[in-house]
Amino acid sequence: MTIEITPELFASVPDAHGRFGHFGGKFVAETLMSALSDLEALYARLKDDAAFRREFDTDLAHYVGRPSPLYEASRLSDAIGGGRIYLKREDLNHTGAHKVNNTIGQALLAKHMGKRRVIAETGAGQHGVATATVAARLGLECHVFMGEEDIRRQSLNVYRMKLLGAEVVPVTSGSRTLKDAMNEALRDWVTRVDDTFYIIGTVAGPHPYPMLVRDFQSVIGREARVQSLAQAGKLPDALVACVGGGSNAIGLFHPFLQDTEVAMYGVEAGGKGLETGAHAAPLSVGSPGVLHGNRTYLMQDDDGQILDTHSVSAGLDYPGVGPEHAWLKDIGRVNYVVANDDEALAAFHRLTRVEGIMPALETAHAMAYAERLAAEMSPDEHIIVNLSGRGDKDILTVAAIEGIEV
Amino acid sequence: MSRLSATFARLQNEGRQGLVSYVVAGDPSPSGTVGLLHQLVAAGADILEVGVPFSDPMAEGSVIQKGHERALANGMSLQGVLDIVTVFRQEDQQTPIIMMGYANPIERFGYEAFAAAGAKAGVDGLITVDLPPEEVDAIDTALKAVALDNIFLISPTTPTARIETIVERARGFIYCVAVKGVTGSGNLDANEVARNVAVIRSKTALPVAVGFGIKDAASARAVAAVADAVVVGSALIDAMVRVTEHEPAATESQVHAAAVALLESIRLGMDSSPS
Ligand SMILES: Cc1ncc(COP(=O)(O)O)c(C=O)c1O
């Protein structure tokens with residue numbers, strides 16, 4: 001596709017219909033349409049409202065602990081011997097991942113709409129925990145939909161959510177992972193649309209969600225830009241982030257999109273290898289289609305049925321991806337690549353042992369690719385990796401894979 | 001005149017309300033669906049709604065969801081549904097058939113290819129749950145070109161101004177969703193349905209069918225008092241599932257018989273309604 005990349009281009013999406021080029025939109029049942037219009041109208045009003053921004057920024061500063069540091073991983077960089085790797089430490093946020101930036105924002109919207117009940121879907125449980133956390137803080141009723149398979153592999157986060165007062169609703173349909181949790185959350189929302197706010201955990205779903213989640217997460221990239229200039233004296237040469245639905249990636253990328261000298265890499269879950277079909281890499285090997293309210297790249301068969309996915313990390317185990325990423329792929333602004341399960345596990349151990357930072361398995365995919373990339377770069381170049389979350393939640397998974405009983 | 005218009009005209013002449021039955025193509029078995037459809041017509045269905053199975057049927061309650069899962073496990077596909085309609089039409093040229101499903105399998109098939117294949121098979125209308133008016137232009141053009149009716153849902157949450165824009169595009173009939181919720185939800189409020197149907201009627205002369213939450217003769221009768229047609233889906237599928245749950249060795253004709261019996265009782269209930 002030949003689209004001229006201008007600064008205005010990235011500010012022009014989504015359009016009034018919620019489209020990013022061919023992607024995005026509002027593909028939902030009629031019952032939800034007026035709730036989406038209400039949300040759109042509210043967000044249009046509050047987005048640039050000084051009081052709302054102040055509320056959001058204050059919460060990010062004093063509740064989440066922002067700005068998150070930009071940390072130069074010196075020992076890791078030295079060991080690789082190529083470009084320098086900097087980590088944007090979203091793992092240091094309250095609740096341990098980038099997810100909370102978004103739940104703070106959406107909870108404020110829920111408050112403005114007077115909704116007393118919030119729902120969320122979760123895969124790794126990080127978004128569920130971040131939602132349960134803001135719900136506890138605001139005294140809201142909270143239900144988190146989670147696939148049975150994910151409940152099993154993210155049991156620590158399930159208990160965290162329960163401690164926070166949320167009800168975790170096991171989802172037993174389909175593949176029992178994130179996509180099915182999202183189906184179930186949408187069904188709940190249709191049923192309780194009057195009193196319920198749906199806090200979507202990534203830049204997917206129907207318009208305006210991909211836009212507002214992006215806006216809330218863009219604090220990551222805005223901070224990283226200032227920090228890079230201050231600490232490295234220049235913009236980064238490359239950005240790397242893992243892509244499940246794509247919220248931590250878009251959060252880092254968005255404020256740099258117009259800086260065409262900054263290369264960007266979104267890392268999808270290669271699972272057991274793209275050639276095996278057991279992966280979660282719709283941008284790498286999927287095709288466009290409609291799921292969960294938007295048009296985007298999907299893993300699907302010839303009949304348009306959505307395929308089961310596989311990833312060692314629950315948070316990347318999703319057959320779709322946010323529509324803005326689909327567009328960024330097609331216009332060629334971002335490169336989408338993969339890291340397999342075993343590469344992610346190796347990167348998990350390496351970062352833990354070399355830097356004393358234990359990343360989430362989702363994040364470990366970004367680390368795996370960043371290491372490869374750094375090796376091809378020179379020491380005067382640097383990469384920023386979105387260290388989207390900490391790995392405590394994954395300890396049992398890693399132990400099980402390695403045959404260790406904890 | 002289209003089969004749908006002819007059917008609603010006939011019903012009006014007879015002073016009766018239409019009965020629309022919904023089953024998922026390929027559930028309980030692909031080879032049985034054509035026979036089941038003929039039996040449903042014999043039991044009193046005026047219009048057949050055939051569910052096109054999808055891996056992620058986000059507007060369906062658990063009963064229909066599981067029907068989709070069984071149908072897919074049985075290998076049903078969009079082409080398979082079209083084949084079923086083709087075979088059905090060899091014996092029945094009158095009863096309108098509406099396909100109901102989700103956007104992705106149709107997108108994958110191609111809108112124009114689907115419209116052409118649907119018309120050829122003898123499909124009369126299409127309901128695509130996740131194609132609201134905002135997203136419908138492309139498929140609408142393809143369907144219009146072959147005179148297939150695109151049928152829209154109007155829900156209890158649809159504001160009046162939006163009803164106006166929906167009815168402008170609608171053809172065939174209006175599908176009024178009785179409850180805020182997924183298919184098979186309970187607690188249908190007949191008064192609320194009556195109010196919503198009245199608003200729709202003030203905006204369009206198209207027939208209004210009401211569905212979601214109609215389970216038995218009583219709820220069908222209550223809705224038939226205000227609507228032109230009543231849609232029954234989850235209850236039929238549930239009736240079939242119960243047979244197999246109770247008697248795993250039940251034959252397919254025993255399973256179908258449960259749906260047929262329920263539909264007959266609903267038909268009877270509606271026709272005895274003092275309308
Ligand atoms: C730490 C972490 N990183 C990344 C993701 C993937 O989500 P996204 O692509 O929206 O950032 C998750 C999702 O659960 C996560 O917990």
Side-chain angles (χ1 to χ4, degrees), chain A residues 16-19 22 24-38 40 171-175 179-196 205-207 287-296 298-308 319-320, chain B residues 52-62 65-66 68-69 72 75-81 101-110 114 127-137 152-159 161-163 166 175-177 179-187 212:
Chain A
H17 304 286
R19 300 215 178 95
H22 301 301
K26 274 189 191 171
F27 296 85
V28 296
E30 176 59 27
T31 305
L32 294 179
M33 289 304 287
S34 68
L36 291 174
S37 316
D38 291 350
E40 213 179 326
V171 175
T172 58
S173 55
S175 58
K179 113 180 144 70
D180 310 284
M182 192 146 184
N183 288 332
E184 215 46 47
L186 284 163
R187 291 179 187 122
D188 180 277
W189 197 30
V190 168
T191 310
R192 298 282 300 265
V193 64
D194 290 335
D195 70 345
T196 296
H207 181 63
S287 54
V290 173
L291 180 70
H292 292 155
N294 66 94
R295 181 177 286 119
T296 188
L298 299 174
M299 287 175 53
Q300 56 179 324
D301 68 15
D302 290 341
D303 189 39
Q305 308 297 341
I306 307 306
L307 293 171
D308 284 354
Chain B
V52 181
F54 182 48
S55 51
D56 296 83
M58 65 176 183
E60 315 297 346
S62 66
Q65 259 175 63
K66 291 194 181 113
H68 282 240
E69 285 181 14
L72 290 174
M76 187 46 58
S77 63
L78 180 54
Q79 181 61 55
V81 183
Y102 293 80
N104 201 52
I106 301 174
E107 279 222 3
R108 189 76 188 172
F109 201 97
F114 168 76
I127 302 174
T128 317
V129 180
D130 50 353
L131 288 183
E134 283 79 352
E135 303 294 353
V136 90
D137 281 346
F152 287 91
L153 304 176
I154 289 180
S155 110
T157 61
T158 308
R162 199 177 152 78
I163 293 179
I166 293 175
Y175 191 131
C176 170
V177 176
V179 293
K180 282 175 209 143
V182 292
T183 50
S185 325
N187 306 330
F212 285 41

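Proteins get letters first, then strands, A, B, ... in listed order; numbering begins at 1 in each. Just so you know, these numbers use all the heavy atoms, side chains as well, and skip hydrogens, waters and symmetry mates. The structure displayed is predicted, hence computed values, not measured ones.
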salt_bridge(A:R295, B:E135) N-O dist < 4.0 Å: no
Would you mind checking which part of B:I154 comes under 4.5 Å of any heavy atom in chain A, side chain (CB onward), backbone (N, CA, C, O), both or neither? backbone
Bottom line for B:F109: the part with an atom under 4.5 Å from chain A's heavy atoms is neither
Heavy-atom pairs under 4.5 Å with chain B, option from A:D301, A:L186, A:I306 with the top count: A:I306
If I measure from the heavy atoms of chain B, does A:R19 come under 4.5 Å with its side chain, its backbone, both, or neither? side chain
Non-neighbouring partners of B:F114 that pass ring pair (Phe, Tyr, Trp, His ring centres under 6.0 Å), sequence neighbours left out: none
Just checking, is any N or O donor in the side chain of B:T158 or A:E30 under 3.5 Å from an acceptor N or O on the other one? yes
Using non-hydrogen atoms only, which part of B:P57 is less than 4.5 Å away from chain A: side chain, backbone, both, or neither? both
Are a donor atom and an acceptor atom from the side chains of A:S173 and A:D180 found within less than 3.5 Å of each other? no
Engaged part of B:E134 at the chain A interface, taking heavy atoms whose separation is under 4.5 Å: both
Can you tell which of B:L72, B:I106, B:V182, B:N104 has the highest number of heavy-atom pairs within less than 4.5 Å of chain A? B:N104
Contact origin within B:S185 toward chain A - heavy atom pairs under 4.5 Å: neither
If the plane angle is over 60° it's perpendicular, under 30° parallel, otherwise tilted; pick one for B:Y175 and B:F212. perpendicular
Across all chains, not counting sequence neighbours, the salt bridge (Lys or Arg N to Asp or Glu O under 4.0 Å) partners of B:E69 are none
Shortest non-hydrogen pair, B:P133 vs B:I166, comes out as CG-CG1, 3.6 Å
Most chain B-contacting option - heavy-atom pairs closer than 4.5 Å, from A:V193, A:D194, A:L307, A:L298: A:D194
